[in-house]
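Note that these values count all heavy atoms, side chains included, but never hydrogens, waters or copies made by symmetry. We name chains A, B, ... by the order of the sequence lines, and we start the count at 1 in each one.
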Amino acid sequence: MSSQYDHKAVEAKWQDRWERHRVAETDLRQAQGKYYMLMMFPYPSGDRLHVGHGRNYILGDALFRYLRMNGKRALNPMGWDAFGLPAENAAIQRGVHPRDWTLANIKVMKEQFKRWGILYDWGKEIASCNPDYYRWNQWLFLRLLEKGLAYKKKAPVNWCPSCQTVLANEQVVDGACERCGTPVVQRDLEQWFYRITGYADRLLAGLDQLTGWPEKVKTMQRNWIGRSEGGEIDFALPSLSEKPEKPEKLTVFSTRPDTVHGATFLVLAPEHPLAARLIADLPERGAIETWIEKVRNTPRIQRSAEETPKEGHDTGKTAVNPATGEEIPVWLANYVLPEYGTGAIMGVPAHDARDLAFARQEGLPVRLVYHPEGVEIDPSSLTEPILHEGVIRNAPPFDGLPDGEETIAKFVDWMSAQGFGRRQVAYRLRDWLISRQRYWGTPIPILYCDNCGMVPVPDDQLPVELPYDVEFTGREGNPLSRSKAFVETKCPKCGGAARRETDTMDTFVDSSWYYLRFLSPRDATRMFDPDTANRWAPVDQYIGGVEHAILHLLYARFICRVLHDFGMVGFEEPFTDLFNQGMITRYSEKTGRIEKMSKSRGNTVSPDILIEEMGADTERVYTLFIGPPEKEAEWSDEAVTGAHRFLNRLWRIAERLSEAPPTAPAPTEAELERQRHLTIQRVTYSMERFHGNAAVASLMELLNSLSRALDDQTASRLRCEETFDTLVQLLHPMAPHITEELWERRGHVLTLLESTWPAYDETKTRRARIPLVVQVDGKLRDRVEVDADAAEPEIKAAALASEKVQEFLVDRELVRAVVVPGRLVNLVTRRSA
RNA sequence: GCGAAAGUGGCGGAAUUGGUAUACGCGCUAGACUUAGGAUCUAGUCCCGAGCGAUCGGGUUGGGGGUUCGAGUCCCCCCUUUCGCACCA
């Protein structure tokens with residue numbers, strides 16, 4: 001009578017039921033709630049959804065179901081990060097409109113989620129490419145513009161020749177485009193920026209409060225912000241000054257202003273604004289200009305690589321070291337970067353490795369101002385800089401100060417008093433470049449009027465809609481700028497002819513606040529409802545890959561603070577807990593290596609085929625069982641069958657439950673009951689840590705025990721049924737379809753999802769009599785059975801009574817017995833005298 | 001170079017946080033049922049040695065030291081891998 005488990009029928013039945021009954025819907029008017037947002041919103045470019053990424057969604061859904069069964073009001077919304085370059089590129093390659101292409105992909109992905117049995121609150125679905133979403137990007141842009149937090153400026157920016165657009169610094173990975181891998185080049189362009197640098201300190205300080213974030217991500221953000229305290233120092237440039245009494249100044253930044261006495265030259269970035277004037281009168285000016293151009297066009301990674309040879313040119317001009325009064329040469333060199341600090345440094349070769357290398361190369365003087373042992377050495381023999389954590393001690397303000405009292409801050413104070421320097425903090429963080437020269441994004445709500453200049457689009461004219469009817473002729477230029485209907489408009493101020501801004505926004509603008517829109521997705525009057533936002537947000541648990549550590553997660557933190565400052569939310573951090581998931585890897589025929597699963601690498605497993613053959617539950621269980629979620633995991637095609645067999649065994653056990661005898665001997669039954677409690681404990685513990693692999697393993701063990709009990713007839717029918725029910729409940733987050741079906745067939749009225757997560761009794765996880773481990777000198781020698789609550793003397797006596805133990809005690813005397821009640825006893829001996 | 005994490009059978013990995021290492025699964029071996037099986041079931045499977053055998057002894061968590069009655073777990077040194085940073089003044 002044993003019927004084969006028909007996964008297709010069962011999965012179709014429950015997926016349909018979940019959809020029709022909208023089981024994942026959450027009423028946001030509830031007074032309190034935990035907002036478990038379980039993943040990044042996916043990017044429907046067509047190449048992002050595959051088994052590897054399915055791990056996020058499957059884990060998220062398992063967690064969601066687990067929370068629901070525990071009575072938590074979790075919200076599991078889903079939306080689409082629909083804009084972006086890959087979508088536009090893919091669409092162009094296929095001759096499809098990006099919008100049609102994206103919407104078709106969304107449809108496919110929704111189907112995929114359904115086939116995986118993933119529950120989303122589709123009533124809160126959003127898509128960033130819809131005007132009712134992106135109008136709020138525009139609205140927020142205008143608010144930032146009002147506050148001076150959005151601005152346009154000409155700057156050297158990263159240009160991806162393949163994507164035909166600029167990129168933010170965060171999107172340049174190892175000098176290449178984050179999306180397509182093409183090396184980026186530098187270009188001087190007028191671009192829109194968000195002033196994230198104004199929030200650098202707060203973004204940095206906030207990291208310390210984020211106890212629920214992985215240290216790794218916080219470190220990456222700290223490095224990215226790159227805060228350095230130091231000082232600015234002014235050097236007079238008499239040779240460039242027309243009036244000697246009011247000399248021109250050159251300001252440098254240094255984290256070690258206390259080394260100023262050792263500054264024997266200045267170095268400017270070739271891009272420095274003063275560079276042209278400094279070389280204007282030189283005979284070799286043309287050659288230097290060519291060299292500047294070359295340096296400017298060197299890709300940034302190469303330029304800032306340590307191995308890159310230092311190249312420099314003497315300007316023939318001098319500056320005055322304000323601390324010593326000495327005239328020192330002024331150079332241009334490629335190792336000084338224009339965008340950091342002031343784009344100019346003082347060269348202190350005795351105390352800085354880079355300056356020393358440059359000084360040796362160019363024959364510049366070296367002056368030592370300090371040696372920790374007070375040793376007099378010839379500066380010309382110095383091969384390594386003298387580095388010192390404290391302040392350079394023979395600097396003037398510290399004469400007479402006791403050790404330990406000197407600080408760089410004090411030195412800067414002295415410098416300020418002298419009038420040539422001040423405290424300064426430098427950041428590596430640059431402003432966020434948000435404009436893109438592409439069609440498929442949020443139009444920037446700006447007009448250019450011949451009379452009025454740059455004019456922001458008034459709020460009541462939002463959204464500035466992206467026109468559908470646009471020609472995608474080729475890859476040169478922004479298609480949007482060729483749409484007359486879009487570009488040509490009227491100035492809201494004077495009514496005259498005006499042209500629209502044709503740059504669109506970076507997609508990371510969309511994702512920087514989407515978690516708030518989920519909470520009031522249909523609100524036509526506001527970006528989001530602040531009351532609901534404050535009740536549900538910040539997000540309690542965020543799950544996503546580490547690849548967003550300094551992109552999405554930094555931008556979202558920035559925008560959250562901006563919204564906080566606008567009085568729109570009452571919190572500064574958007575995500576309380578962050579869990580980084582490891583990716584799934586697989587052997588790639590194409591490259592011959594084990595790599596992250598992706599279509600471009602040709603090493604994906606089609607979810608469709610897997611689901612067709614083995615079922616969604618098999619895929620879910622295997623995906624969780626493959627390994628701990630924080631680690632990356634290698635997909636194994638054979639190992640999937642383990643999960644499949646497990647579910648098939650579970651199905652067959654259900655049909656064998658009636659074979660159990662009505663009654664069974666109590667002691668053997670008690671063992672099954674003990675295992676049931678133990679399994680609840682273990683699975684609960686594992687789920688709390690997202691360790692689905694350990695949870696599944698425990699459940700396999702319980703199934704093995706139940707199977708054995710049925711084979712041996714050692715448990716009553718009631719006990720077997722109870723064990724089975726618990727097993728099915730605990731397995732539900734991982735394998736929702738088969739468990740709901742079995743639960744229903746067992747005659748339960750409520751669905752599993754509505755049932756309460758089983759509770760365990762700690763006392764029942766323990767045996768009445770336990771096999772006590774007996775060690776002699778730390779080595780396992782025997783096991784003796786004792787009462788679980790046996791007292792120390794009793795345990796000791798039982799241990800010594802063991803014959804095997806006695807053998808090991810021959811010729812030895814007992815020094816001590818370490819008794820760990822309920823676990824083991826360790827007899828410590830030494831040789832008898 | 002600097003910083004972080006990790007290293008457990010043939011493979012993925014477990015070990016409830018200092019207390020029986022190798023659970024669970026894959027693979028493999030033998031057998032059963034099958035026309036057949038990439039289906040299912042049963043038994044075995046860390047390494048070395050002894051024994052026909054149930055068993056017995058020894059060793060083992062990258063290597064070496066240390067703390068402890070007791071270490072996969074804590075501390076120190078080294079090796080390897082992965083990730084992050086790297087001319088940021």
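Taking atom C1' on both B:C46 and B:A32, the two are 28 Å apart, rounded to the nearest angstrom. The gap from the P atom of B:G9 to that of B:G64 amounts to 15 Å, rounded to the nearest Å. The gap from the C1' atom of B:G19 to that of B:G70 amounts to 7 Å, rounded to the nearest Å. Using atom P as the reference point in both B:G58 and B:C76, the two lie 33 Å apart (nearest Å). With C1' as the reference atom, B:A5 and B:G59 are 30 Å apart, rounded to whole Å. With C1' as the reference atom, B:U16 and B:A21 are 15 Å apart, rounded to whole Å. Rounded to whole Å, the C1' atom of B:A50 lies 41 Å from the corresponding atom of B:G38. B:C24 and B:A14: their P atoms are spaced 14 Å apart (whole Å).
A close approach under 4.0 Å does not occur between any side-chain nitrogen or oxygen of A:Arg645 and OP1 or OP2 of B:C41. Using a 4.0 Å cut-off, some side-chain N or O of A:Arg781 falls inside it from OP1 or OP2 of B:G58. Note on A:Arg816: a side-chain N or O is less than 4.0 Å away from OP1 or OP2 of B:C69. Residue A:Lys779 places none of its side-chain N or O atoms closer than 4.0 Å to OP1 or OP2 of B:C69. Using a 4.0 Å cut-off, some side-chain N or O of A:Asn693 falls inside it from OP1 or OP2 of B:A14.
Residue-level contact check: A:Val336 touches the bases, meaning some heavy atom is under 4.0 Å from a base atom. At the heavy-atom level, A:Ser254 lies under 4.0 Å from the strands shown only through sugar-phosphate atoms.
When the C1' atom of B:U82 is taken as reference, atom CD of A:Glu634 falls 14 Å away, rounded to whole Å.
A donor N or O paired with an acceptor N or O is found under 3.5 Å between the base of B:U17 and the side-chain atoms of A:Arg689. In terms of polar N and O atoms assigned as donor or acceptor, the side chain of A:Asn223 never comes within less than 3.5 Å of the base of B:C85 in a complementary pairing.
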Next on the checklist: Base contacts versus sugar-phosphate-only contacts with protein, heavy atoms under 4.0 Å: please encode nucleotides 29-34 of chain B as B, S and - from 5' to 3'.
Outcome noted: ------
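The side chain of A:Ala694 lies closest to B:A14 when the candidates are B:G70, B:C85, B:A14. For A:Leu824, counting side-chain heavy atoms from C-beta on, the closest listed nucleotide (B:G19, B:C24, B:A39) is B:G19.
Of the possible polar contacts, none joining the A:Arg423 side chain to the A:Gly231 backbone as a donor-acceptor pair under 3.5 Å is found. Between the side chain of A:Arg303 and the main chain of A:Asn334, a donor-acceptor pair closer than 3.5 Å is present.
For B:G53, the base adopts the anti conformation, since its glycosidic angle falls more than 90 degrees from zero.
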Checklist entry - Reading RNA chain B 5' to 3', what string of ( ), [ ], | and . shows its pairs, if Watson-Crick and G-U wobble pairs count only when both distances fall under 3.5 Å? => result (((((((..(((......[....)))((((((.......))))))(((((....)))))..(((((..]....))))))))))))....
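Contacts classified as ring pair (Phe, Tyr, Trp, His ring centres under 6.0 Å) and involving residues 687-708 of chain A (residues at least two apart or in different chains) are given here: A:Phe579-A:Phe690.
Using bins of under 30°, 30° to 60° and over 60° for the plane-to-plane angle, the ring pair A:His261/A:Phe411 lands in the perpendicular bin.
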